[in-house]
J.: 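Below are the structure tokens for one structure; questions will follow.
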Amino acid sequence: MATSLTPIRRVVTGNDARGRSKVVWDGPAPNAHEASMGSGRGHTDLWVWLESPASLSGNYDDGKLEYAFSGPPEGGHFRVVEARARPAGYDPAKDKDAVPVHPPKPRPRSRGTWDRGGNNAYSSAMHKTETVDYGIVLAGERELILDDRKLVMKPGDVVIQVGAWHQWSMPKGAIMAFDMIAARFVDGPHGLAQGKDKPMRAAPGLPAGVKPARRRLEGVRQMQRLEHDFRRGAVGDPQARASVARPRRVGPHVGRRAVADQ
């Protein structure tokens with residue numbers, strides 16, 4: 001069925017009767033839902049598994065299994081979510097999808113999902129699911145809203161949601177892949193006590209008594225040459241030629257990981 005969602009090429013591999021690897025399906029993922037998350041957001045299912053560990057047999061396309069937001073209770077799913085950009089003249093007061101903020105409550109017809117409202121056509125509700133979610137921004141930009149802060153997520157950024165309250169805002173539109181895996185709250189089926197712990201923050205500097213790591217600067221050939229000279233008495237101990245390690249600089253939006261703590 002034609003939709004306005006960006007087609008996602010999906011390659012599924014398997015094995016033939018002789019145990020040799022082969023391509024089973026290669027083409028646009030067929031299970032697309034244009035408005036599954038409101039009028040401004042839809043998703044394409046890529047693969048679903050009903051139990052863990054999943055069976056590695058059969059010839060059914062598991063990307064066509066029935067839609068469920070939080071996924072099967074003993075399995076998980078992999079999907080791509082696409083959101084339209086918010087138009088310049090958007091008026092929240094006229095948004096038919098807008099829902100006021102409300103106390104936490106289970107979301108109807110959605111297993112393991114709790115909801116605090118606050119959603120509209122261009123923003124999800126503040127919600128949490130009984131899952132571990134791996135989210136990867138593929139295109140555009142998303143705002144990840146937590147109880148203690150807001151983070152801007154850009155292409156290449158990764159978020160790991162560990163049963164935490166969170167909300168997504170998409171002012172510029174975005175495409176994001178999500179792998180949602182069934183999990184269990186430790187405080188019972190509702191999990192509402194989760195997330196009340198004080199946020200973990202990295203302490204500045206190193207703890208008392210911890211020495212900085214050291215790194216070697218020399219290449220293999222240079223080390224061999226230095227060790228040869230050392231044996232001849234020409235230089236000092238080459239093993240002492242090291243420097244205090246410095247953090248490797250990474251681009252601002254490549255491989256960054258934002259972890260939503262419980």
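Index from 1, following the sequence.
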J.: Looking at Lys64 and Pro30, what are the two nearest heavy atoms and their distance?
T.: CE-CG, 3.6 Å
J.: Check whether any side-chain heavy atom of Trp114 sits under 4.5 Å from a side-chain heavy atom of Pro106, and report yes or no.
T.: yes
J.: Got Val152 and Glu141 here, is their nearest side-chain heavy-atom distance under 4.5 Å?
T.: yes
J.: Should Glu130 and Arg107 count as an ion pair when the cut-off is N to O under 4.0 Å?
T.: no
J.: Are Pro72 and Val48 close enough that some pair of their side-chain heavy atoms sits under 4.5 Å apart?
T.: yes
J.: Is any side-chain heavy atom of Val158 closer than 4.5 Å to a side-chain heavy atom of Tyr134?
T.: no
J.: Are Trp168 and Val99 joined in one hydrophobic group, where the rule is that I, L, V, M, F, W and Y side chains link up if heavy atoms are under 4.5 Å apart?
T.: no
J.: Between the main-chain N or O of Gly118 and the side-chain N or O of Gln167, is there a donor-acceptor pair closer than 3.5 Å?
T.: yes
J.: Would you say Thr44 and Asn31 make side-chain contact, with heavy atoms under 4.5 Å?
T.: no
J.: What closest approach, in Å, do Arg142 and Ala174 show between heavy atoms, and which atom pair accounts for it?
T.: CG-CB, 3.5 Å
J.: Do any N or O atoms from the side chain of Arg10 and from the backbone of Leu46 form a donor-acceptor pair under 3.5 angstrom?
T.: yes
J.: Hydrophobic clusters here meaning ILVMFWY residues chained together by side-chain heavy-atom distances under 4.5 Å, can you tell me if Leu50 and Ile181 are in one?
T.: no
J.: In Å and rounded to the nearest 0.5 Å, what is the OG to CE distance from Ser169 to Met153?
T.: 13.5 Å
J.: Between His33 (side chain) and Gly42 (backbone), is there a donor-acceptor pair under 3.5 Å?
T.: no
J.: Check whether the side chains of Glu82 and Thr6 place a donor and an acceptor atom closer than 3.5 Å, and report yes or no.
T.: yes
J.: Taking atom CD1 of Ile136 and atom CD1 of Ile160, what is their separation to the nearest 0.5 Å?
T.: 9.5 Å
J.: Looking at Asn119 and Ser123, would you say the former's side chain and the latter's main chain have a donor-acceptor pair under 3.5 Å?
T.: no
J.: Counting distance only, does the side-chain N/O of Asp45 pair as donor-acceptor with the main-chain N or O of Trp47 below 3.5 Å?
T.: no
J.: Could you give the distance from CG (Leu151) to CG (Leu146), rounded to the nearest 0.5 Å?
T.: 6.0 Å
J.: With sequence neighbours left out, write down each residue that passes side chain to side chain contact (heavy atoms under 4.5 Å, CB included) with Thr129, or none if nothing qualifies.
T.: Phe69, Ser70, Thr113, His127, Thr131, Asp133, Met180
J.: List the atom of Pro155, the atom of Ala139, and the distance in Å for their closest heavy-atom pair.
T.: CG-CA, 4.0 Å
J.: State the CG-CH2 distance between Asp62 and Trp49, to the nearest 0.5 angstrom.
T.: 10.5 Å
J.: Answer yes if Phe78 and Leu65 sit in the same cluster of Ile, Leu, Val, Met, Phe, Trp and Tyr residues linked by side chain heavy atoms under 4.5 Å apart, and no otherwise.
T.: no
J.: Minimum heavy-atom separation for Asp147 to Arg116, with atom names?
T.: OD1-NH2, 2.8 Å
J.: Of all the heavy-atom pairs spanning Val24 and Gly14, show the shortest one and how long it is.
T.: CG2-N, 3.5 Å
J.: For side chain to side chain contact (heavy atoms under 4.5 Å, CB included), just list the numbers for Thr13 and Trp25, CA-CA rounded to whole Å, side-chain angles, deciding distance to a tenth of an Å, and then say yes or no.
T.: CA-CA 7 Å; Thr13 65; Trp25 292 286; over 6 Å; no
J.: Of all the heavy-atom pairs spanning Ile145 and Met126, show the shortest one and how long it is.
T.: O-CE, 3.8 Å
J.: Between Ser52 (side chain only) and Gly75 (backbone N and O only), is there a donor and an acceptor less than 3.5 Å apart?
T.: no
J.: What's the separation between atom CG in Leu144 and atom NE2 in His166, rounded to the nearest 0.5 Å?
T.: 7.0 Å
J.: Rounded to the nearest 0.5 Å, what separation is found between the CZ atom of Arg84 and the CE atom of Met170?
T.: 10.5 Å
J.: If only side-chain N and O atoms count, and only distance matters, is there a donor-acceptor pair under 3.5 Å linking Tyr122 with Asp95?
T.: no
